[in-house]
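Data block below; observations after.
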Amino acid sequence: QQSYLAIGYEHDMEWSPKNSMIVQEIGEALQIELINTIREKLGGTYSPMMEMAANREPKPSYTLFILISCSPDNTDLLSNAVFDILKNFQKNGPSAETLDKVKKQMINDHETSLKRNNMWLSYISGKYYYGDDINSINNFSERVNSVSITDIVDFLQKNFDVDHYIKMYLYPESMKK
């Protein structure tokens with residue numbers, strides 16, 4: 001039998017290209033940490049799903065959503081582990097090793113996406129719609145590498161309330177909790 005644990009956050013933030021990049025890097029680093037802790041250390045699930053995104057409209061904010069499929073007996077254990085990870089990120093940020101891995105992967109993914117027409121269509125239309133500098137693509141690597149652990153901690157301390165969340169459990173119908 002399988003259960004699901006879902007944890008969601010949404011919070012206003014000041015929109016800027018830097019904050020958007022910070023959110024993207026936090027999301028990538030959190031995904032690595034969730035896999036290392038939930039799957040590798042605790043053996044709680046094969047693949048925890050996580051998405052974190054900066055939203056420009058309808059108001060500047062970010063969303064974070066985590067979904068974990070697990071044994072019904074592990075929902076509380078894994079929920080507590082997720083909150084421990086989030087609290088640690090807010091206090092210390094990701095490890096230097098994790099952030100370095102994130103930056104390398106983001107730059108590699110970006111270089112690969114430059115070869116695809118759909119990336120260009122999305123990029124150009126987004127820049128046109130918002131009136132943003134179309135040439136910002138030329139300094140993507142510098143923008144990725146400019147984010148520090150201190151930037152991440154500062155952002156999370158200003159914009160993240162670990163206790164303001166929605167948490168949902170879905171248990172098999174045969175279980176009455």
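Being a predicted model, the structure only gives us computed values, none of them experimental. Along the sequence shown, the residues carry numbers beginning at 1.
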Decide whether [X] and [Y] meet the rule of one side-chain donor and one side-chain acceptor closer than 3.5 Å.
X    : Y    : answer
Y123 : S113 : no
D76  : Y169 : yes
D109 : T112 : no

*asked:* In the structure I gave you, are the side-chain heavy atoms of F160 and L64 within less than 4.5 Å of one another anywhere?
replied: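 SC-SC contact between F160 and L64 confirmed.
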*Is the closest side-chain heavy-atom distance between Y62 and M52 below 4.5 Å?*
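Result yes, sub-4.5 Å side-chain heavy-atom pair found.
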Is it true that [X] and [Y] fall in one hydrophobic cluster, defined by side-chain heavy atoms closer than 4.5 Å?
X    : Y    : answer
M49  : L34  : no
L5   : I35  : no
M106 : M119 : no
I137 : V144 : no
I22  : I85  : yes

Just by distance, do the side chain of [X] and the backbone of [Y] share a donor-acceptor pair under 3.5 Å?
X    : Y    : result
K103 : V147 : yes
S146 : R143 : yes
T45  : P48  : no
W120 : L114 : yes
Y4   : L67  : no
D151 : S148 : yes
S125 : S122 : yes

*Which of parallel (below 30°), tilted (30 to 60°) and perpendicular (above 60°) describes H110 and F140?*
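The arrangement is parallel - the two ring planes meet at less than 30°.
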*Please work out which of the three classes, parallel, tilted or perpendicular, describes the rings of F83 and Y165, given edges at 30° and 60°.*
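Tilted.
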*Enumerate the residue pairs fulfilling side chain to side chain donor-acceptor pair (under 3.5 Å) with a member in residues 83-100, sequence neighbours excluded, ordered by first and then second residue.*
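For residues 83-100, and leaving out neighbouring residues, the side chain to side chain donor-acceptor pair (under 3.5 Å) pairs sorted by first residue read N88-N92, S95-T98, D100-K104.
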Whether over 12 other heavy atoms sit under 6.0 Å from [X] [atom1]:
X    : atom1 : result
Q2   : CD    : yes
E14  : CD    : no
N117 : CG    : no

